[in-house]
Amino acid sequence: MKGRKDLLDIEALSVEEINFLLDTAGPFKNLIRQSVKKMPPLRGRHVLTLFYEPSTRTRSSFEIAAKRLSADVTNFTVSTSSVVKGESIIDTIDTLQAMQVDYIIVRHAAAGVPNLIAKHTRASVINAGDGYHAHPTQGLLDAFTMKEVLGPLTGKRVAIVGDIQHSRVARSTSMILRKLGAEVGVFGPGPLIPDDRHADMRSFRTFDDVFDWKPDVVYLLRIQMERQKEQFFPSLHEYHRLYGVTDERLRTIREKGIYVMHPGPVNRGVELVDGVMTYERTLINQQVENGIAARMAVLYWLQPETGLRAE
Ligand code: CP
């Protein structure tokens with residue numbers, strides 16, 4: 001299937017494109033489990049990671065994914081770059097474009113920055129998270145992980161729990177799940193469940209209501225303290241009591257065979273207790289492993305305008 005130039009959000013992808021990417025990620029996962037983990041399709045191509053916000057999983061898995069496909073990788077470190085001397089995003093991109101990079105993977109606190117960059121460069125731009133807006137490769141790896149354990153997602157139920165309002169993960173993952181026919185419900189502190197964006201999703205008043213809905217997956221979100229300008233709940237202790245997976249709720253989850261997911265990083269004692277990390281249906285490490293395969297599929301599929309693709 002012909003690739004797009006950029007991957008900026010899930011909204012832009014057709015169901016056929018999503019299925020193509022998920023189907024492509026499968027063989028890549030098999031490849032990265034082999035002793036020889038490399039294949040040549042991006043030989044001669046150059047990938048640049050440009051992260052204006054911290055990251056452990058996304059940045060390192062993009063770097064690994066690119067190297068598995070034989071691309072060269074440069075990690076641009078914003079804190080030691082001329083950005084701190086006041087260089088603008090567009091001037092930074094013009095400078096990097098002059099170095100003939102083929103892919104720019106960008107994370108920024110402001111929604112829309114990856115779209116702005118994409119308009120200014122012939123390189124393929126991949127949104128690695130922009131403000132509240134989108135984190136499309138997280139959506140892809142989440143859907144891939146759910147399909148691995150649940151099969152086709154039509155009619156499957158996923159309850160997303162936590163800070164929906166400030167979460168680009170909630171936006172991208174709920175969007176891809178609904179495109180693939182899954183039902184999505186949301187649960188969290190009232191002010192963190194915006195009506196406008198989630199009006200077409202079921203919302204719950206208590207964790208017991210979530211369990212009564214019989215979800216296949218409970219998807220926990222981190223509280224995005226860095227994006228909250230006001231206090232939306234009395235304390236982290238109170239948040240854990242009302243919205244966290246406590247020991248008692250973990251017993252219910254185990255009895256019902258519900259899968260637990262979380263995009264990371266996890267705040268133990270807030271959205272979950274330690275026991276969740278060793279529960280046999282917790283998929284958090286599987287999500288991390290699948291992040292490499294899903295990102296390999298994206299890099300393989302996109303078509304930069306910087307020259308003929310290396311085959
Ligand atoms: N899930 C996720 O985006 O994690 P990082 O912030 O560590 O990249």
Side-chain angles (χ1 to χ4, degrees), residues 7-26 29 57-58 127-130 132-188 192-204 207 209-222 224 245 253 256-264 271 281-284 286-291 293-295 297-298:
L7 177 62
L8 302 173
D9 53 39
I10 293 291
E11 279 88 334
L13 294 179
S14 68
V15 172
E16 290 72 26
E17 288 172 316
I18 291 168
N19 281 326
F20 174 82
L21 288 166
L22 300 181
D23 290 346
T24 305
K29 180 165 181 179
R57 281 148 283 271
T58 311
N127 181 0
D130 62 330
Y132 305 176
H133 171 228
H135 193 351
T137 57
Q138 182 73 45
L140 284 162
L141 77 89
D142 287 338
F144 180 74
T145 304
M146 289 183 210
K147 278 189 81 175
E148 277 190 323
V149 296
L150 298 173
L153 296 182
T154 311
K156 297 293 188 298
R157 291 185 167 177
V158 179
I160 303 180
V161 178
D163 179 1
I164 314 290
Q165 162 135 323
H166 299 99
S167 174
R168 55 198 177 207
V169 173
R171 192 175 174 85
S172 289
T173 294
S174 63
M175 176 69 62
I176 197 167
L177 291 175
R178 284 178 296 152
K179 283 193 177 211
L180 295 174
E183 293 179 50
V184 179
V186 291
F187 174 55
L192 298 180
I193 308 287
D195 288 341
D196 53 344
R197 261 193 352 216
H198 295 279
D200 55 342
M201 286 187 266
R202 184 183 289 254
S203 63
F204 304 100
F207 227 124
D209 291 343
V210 174
F211 290 140
D212 288 345
W213 187 55
K214 297 186 172 50
D216 298 285
V217 177
V218 167
Y219 191 107
L220 303 171
L221 295 172
R222 183 175 68 87
Q224 309 266 305
V245 176
I253 283 171
K256 294 178 182 291
I258 299 169
Y259 289 95
V260 179
M261 296 176 67
H262 191 303
E271 57 266 20
R281 289 200 167 197
T282 291
L283 303 174
I284 297 172
Q286 198 167 320
Q287 288 171 268
V288 173
E289 181 180 8
N290 290 342
R295 288 171 177 127
V298 169

- Between T58 and H135, does a side-chain contact (heavy atoms from CB on, under 4.5 Å) hold up when you go through it step by step? CA-CA 10 Å; T58 311; H135 193 351; 3.5 Å; yes
- Criterion side-chain contact (heavy atoms from CB on, under 4.5 Å) on L21 and L13, from CA distance to verdict: CA-CA 10 Å; L21 288 166; L13 294 179; 4.2 Å; yes
- Message: Using the rule side chain to side chain contact (heavy atoms under 4.5 Å, CB included), only one of R57, Q138, M146 pairs with Q287; which is it?
- Response: Q138
- Task: Would you indicate whether the side-chain heavy atoms of L22 and L140 approach each other to under 4.5 Å?
- Result: yes
- Return the orientation label for the W213 and F204 ring planes: parallel under 30°, perpendicular over 60°, tilted otherwise. tilted
- Message: When you measure from the side chain of R281 to the backbone of G257, do you find a donor-acceptor pair of N or O atoms at a distance under 3.5 Å?
- Response: yes
- Exam field: side chain S167 to backbone V169, donor-acceptor pair closer than 3.5 Å: yes
- Message: Go through it in stages, so that I can follow the logic: the residues are N127 and D9, the test is side-chain contact (heavy atoms from CB on, under 4.5 Å), and I'd like the CA-CA distance, side-chain angles, deciding distance and then a yes or no.
- Response: CA-CA 7 Å; N127 181 0; D9 53 39; 5.5 Å; no
- Could you tell me whether the side chain of K179 and the main chain of E11 form a donor-acceptor pair under 3.5 Å? yes
- Message: Any non-hydrogen side-chain atom of V184 less than 4.5 Å from a side-chain atom of Y219?
- Response: no
- Under 3.5 Å, is there a donor-acceptor pair between the side chain of R157 and the main chain of E183? no
- Are I193 and F187 close enough, and set up right, to give a side-chain contact (heavy atoms from CB on, under 4.5 Å), and what steps lead you there? CA-CA 7 Å; I193 308 287; F187 174 55; 5.7 Å; no
- Item | V217 and V149, any side-chain heavy atoms less than 4.5 Å apart | no
